[in-house]
Amino acid sequence: MKTESSGHQLKINIELNEQILMAIHQHMAACHPLEGCGILFGEPSAGSVQSWQITEFRPAANRSSQPERAFSLDPAVWVPSSLSPRLLGIVHSHPVSAPVPSQEDLKQLQSFGELIKVYMIVSTEHKNPPNHSLYGVQSGEDAGYILIKLHAN
């Protein structure tokens, strides 16, 4: 699966193979009705635009005090992962809504947006199969971070 977006300042390709996608969907479905979360690792792919291949998904426990509607990556997994040069992004699920960023998602993004390039949301609302959306992370005009939806090729 390849996705691409072209925006005013963002052009990015993401490659995600079916095996990794299946592992992500299975983890998120297993966490339902709570929000699941995890970390995406990857490496650059050849190409004329910014291109990344997701090569690994690492599940992380959700340490939020309200895991039915929020996520907080387990620090024991997040901290060492955040130091990896292969860190590409994060993924979390929405158990009762579409895979669209919530206001809370955008608020939390400000604390780690500098570290990631990809933000993935999986909706487990209709569990079979879960569906997902991929977003590129971009610096906004107000020095914050925004998400730009990546579209499938």
Side-chain angles (χ1 to χ4, degrees), residues 1-7 9-45 47 49-64 66-74 77-78 81-82 84 86-140 144-153:
M1 169 185 171
K2 288 187 175 186
T3 59
E4 180 179 315
S5 178
S6 58
Q9 299 177 7
L10 181 69
K11 182 134 178 117
I12 185 171
N13 284 328
I14 300 296
E15 295 178 30
L16 174 60
N17 73 41
E18 289 299 318
Q19 186 177 16
I20 292 173
L21 181 59
M22 183 182 288
I24 292 167
H25 282 184
Q26 287 174 344
H27 173 72
M28 299 306 163
C31 292
H32 189 84
L34 305 178
E35 287 197 16
C37 51
I39 303 166
L40 304 170
F41 295 91
E43 45 197 54
S45 297
V49 295
Q50 187 176 4
S51 190
W52 297 90
Q53 180 179 15
I54 297 173
T55 57
E56 180 185 348
F57 163 64
R58 188 173 301 161
N62 183 351
R63 299 296 184 211
S64 171
Q66 297 179 316
E68 66 283 349
R69 58 185 214 177
F71 78 98
S72 178
L73 292 161
D74 183 351
V77 177
W78 171 243
S81 296
S82 70
S84 171
R86 294 184 56 244
L87 174 64
L88 188 55
I90 64 161
V91 56
H92 78 284
S93 65
H94 284 180
V96 294
S97 63
V100 176
S102 67
Q103 288 300 320
E104 184 62 24
D105 292 340
L106 296 172
K107 180 180 169 187
Q108 286 184 359
L109 177 67
Q110 305 314 306
S111 65
F112 56 79
E114 181 178 356
L115 300 173
I116 63 172
K117 296 171 182 61
V118 176
Y119 192 94
M120 182 177 187
I121 302 173
V122 177
S123 174
T124 57
E125 182 178 24
H126 301 294
K127 286 176 74 170
N128 237 340
N131 65 350
H132 66 275
S133 293
L134 284 164
Y135 298 86
V137 179
Q138 179 180 352
S139 291
Y145 294 95
I146 60 172
L147 298 173
I148 306 295
K149 184 159 184 172
L150 303 177
H151 300 282
N153 286 344

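Start at 1 with the first residue, then count along the sequence.
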Can you measure from [atom1] ([X]) to [atom2] ([Y]) and round to the nearest 0.5 angstrom?
| X | Y | atom1 | atom2 | value |
| --- | --- | --- | --- | --- |
| I146 | Q110 | CD1 | CD | 9.5 Å |
| S139 | Y145 | OG | OH | 4.5 Å |
| S97 | I121 | OG | CD1 | 8.0 Å |
| I116 | I39 | CD1 | CD1 | 10.5 Å |
| E15 | T55 | CD | OG1 | 11.0 Å |
| L134 | L40 | CG | CG | 8.0 Å |

Identify each donor-acceptor pair in which a side-chain atom of residues 19-31 lies under 3.5 Å from a protein atom, sequence neighbours left out, and give them as a table.
| residue | atom | partner | partner atom | Å |
| --- | --- | --- | --- | --- |
| H25 | NE2 | H132 | ND1 | 3.2 |
| H27 | NE2 | C37 | O | 3.3 |

Please name the pair of heavy atoms, one in [X] and one in [Y], separated by the smallest distance, quoted to 0.1 Å.
| X | Y | answer |
| --- | --- | --- |
| P130 | T124 | CB-CG2, 4.4 Å |
| P95 | H32 | O-CE1, 3.2 Å |
| G36 | S93 | N-OG, 2.7 Å |

Partners meeting side-chain contact (heavy atoms from CB on, under 4.5 Å) with [X] (sequence neighbours left out):
| X | answer |
| --- | --- |
| V100 | A98, Y135 |
| A70 | S64 |
| L34 | P67, E68 |

* Identify, with sequence neighbours excluded, every residue that meets salt bridge (charged side-chain N to carboxylate O under 4.0 Å, His left out) alongside R86. => E56
* To do: With sequence neighbours left out, write down each residue that passes ring pair (Phe, Tyr, Trp, His ring centres under 6.0 Å) with H92, or none if nothing qualifies.
  =>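 Ring pair (Phe, Tyr, Trp, His ring centres under 6.0 Å) list for H92, sorted by chain: F71, H94, Y119.
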* Asked: Would you say the side-chain atoms of D74 pair up with the backbone N or O of N62, donor to acceptor, closer than 3.5 Å?
  -> no
* To do: Would you check, one step at a time, whether the test side-chain contact (heavy atoms from CB on, under 4.5 Å) holds for L16 with M120?
  => CA-CA 11 Å; L16 174 60; M120 182 177 187; 4.1 Å; yes
* Checking side-chain contact (heavy atoms from CB on, under 4.5 Å) for the pair F41/S84: CA distance, chi angles, key distance, verdict? -> CA-CA 9 Å; F41 295 91; S84 171; 4.0 Å; yes
